There are 2 protein chains.
Amino acid sequence: MYTFGRPDRHPKSRVITVAYFALIPWERVCAESAEGVPHIAWRHVDALPYLYLDHAEIIDQARQRLVSKLQYSTIGFEFMPEQFTLGELQCVYETILGEPLDKRNFRKKVLAFGCVEDTGEQRRNGSHRPARLYRYTAPGEVLYIK
Amino acid sequence: MYTFGRPDRHPKSRVITVAYFALIPWERVCAESAEGVPHIAWRHVDALPYLYLDHAEIIDQARQRLVSKLQYSTIGFEFMPEQFTLGELQCVYETILGEPLDKRNFRKKVLAFGCVEDTGEQRRNGSHRPARLYRYTAPGEVLYIK
DNA sequence: TCAAAAGTGTTAACAATACACCCATGT
DNA sequence: ACATGGGTGTATTGTTAACACTTTTGA
């Protein structure tokens, strides 16, 4: 994601942090303590505890990076299971961007881009019309939402 | 610019390279040998000697990064001296992007963006009309060329 | 029959592109 | 007078954004 190397970012010595971020399906998320790291846990990004030094800045930059990646890549699809509805996909985009998107324009762009294919299947989800299920396929070009 | 950390990128051990790039005025460019680095020199990016391991890839990525930075930042102005003509600026953009740009559209965008101001001065340069000199001023928003 | 999400096209505003001529100068 | 780069405006095209109603289902 970014390498933090400002000479004065650590008070004692020169510390360089290479930060990465990964998208992990919720089912596979588990927080295991490792040697030398006694208490680790997953936290909601809006409810983080005190963070050492510039670590809050690192988190912040990762969020921003995710937002911009959403605009010039198909990273949003990485949040989807194998089959998904366009409503679910739109929900991911809206959550990350932090603003509502127009349903018609969103579907238009995604479908026109041609990185999804209709599986022919549907999902019944509640007391309303069932949604079509789509599958992610390799992108041809770059997808811009917004 | 980017941190290269693939575990197998060096045959002997785990080597991590944090690559940076900088824009330096030609007058201040000098290649000094340092301890342990006997022969260093500046090379034209299109005429590089053999490069160790993935170093060619690193150079390549830096070039690409420069191209994309040109599109969402005002980095192009960093190549300019304190006063410059729009023709010179366009030349920088054309060189980096590797394609000619329309003179009128280019000037329109740069001027509309409002990150330059007319110094009132001119430069006589050859047997043709003198060019206005501009000065770079802080950008308001993001400048997109192309 | 009602509530709730799914699905669908058109129009207007704006941004990007293509394009050709006159200007000021030095030789 | 001519060669050279400087300077300017408009028309077209393409892209993006705004907007409202019908459909299908379960309760």
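Because the structure is predicted, anything quoted here is derived from the model rather than measured.
- If you measure from atom CZ of A:Phe84 to atom P of C:dA5, you get 20 Å, rounded to the nearest angstrom.
- Residue A:Phe84 holds its CZ atom at 9.0 Å from OH of A:Tyr136, rounded to the nearest 0.5 Å.
- Here the P atom of nucleotide C:dG7 and the CZ atom of A:Arg123 are 11 Å apart, to the nearest Å.
- Following rounding to the nearest Å, A:Lys109 (NZ) and D:dA17 (C1') show an atom-to-atom distance of 9 Å.
- Applying the 3.5 Å distance criterion, the base of C:dA6 shares a donor-acceptor pair with the side chain of A:Lys103.
- Rounded to an integer number of Å, the gap from CD of B:Gln71 to P of C:dA16 is 12 Å.
- Remark: the A:Gln90 side chain and the A:Glu94 side chain contain an N/O donor-acceptor pair separated by less than 3.5 Å.
- Of the candidates B:Arg6, B:Gln61, B:Arg9, B:Asp54 forms a side chain to side chain donor-acceptor pair (under 3.5 Å) with just one, namely B:Arg9.
- On a pure distance criterion of 3.5 Å, no polar donor-acceptor pair joins the side chain of A:Asn125 and the base of C:dA5.
- Between A:Arg104 and A:Arg124, the residue anchored closer to the 5' end of DNA chain D is A:Arg104, taking for each the nucleotide with the nearest heavy atom.
- Considering CZ of A:Phe106 and SG of A:Cys91, their distance stands at 10.0 Å, rounded to 0.5 Å.
- The interatomic distance linking A:Leu101 (CG) with D:dA18 (P) rounds to 11 Å, in whole Å.
- Evaluation of atom-type donor-acceptor distances gives a pair under 3.5 Å for the side chain of A:Lys108 against the base of C:dT10.
- Between A:Leu89 atom CG and C:dA5 atom C1' there is a gap of 16 Å when expressed in whole angstrom units.
- B:Asp102 comes within 4.0 angstrom of a base, heavy atoms only.
- Computed from coordinates, the B:Phe106 CZ to D:dG7 P distance equals 12 Å when rounded to whole Å.
- Using a cutoff of 4.0 Å between basic side-chain nitrogens and carboxylate oxygens, A:Asp46 and A:Arg63 are scored as salt-bridged.
- Residues B:Lys108 and B:Asp102 are not paired through a salt bridge, judged by the lack of any N-O separation under 4.0 Å between the basic side chain and the carboxylate.
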Decide yes or no on salt bridge (charged side-chain N to carboxylate O under 4.0 Å, His left out) for A:Arg123 and A:Glu88, but give the supporting numbers first. CA-CA 12 Å; A:Arg123 174 184 299 156; A:Glu88 291 166 342; 2.4 Å; yes
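- If you check residues 126-134 of chain B against DNA chain C, the residues with a heavy atom closer than 4.0 Å are B:Gly126, B:Ser127, B:His128, B:Arg129, B:Pro130, listed by number.
- If you check every strand for non-hydrogen atoms under 4.0 Å, B:Arg107 touches a base.
- Going from atom CG of B:Asn105 over to atom P of C:dA20 covers 13 Å, rounded to whole Å.
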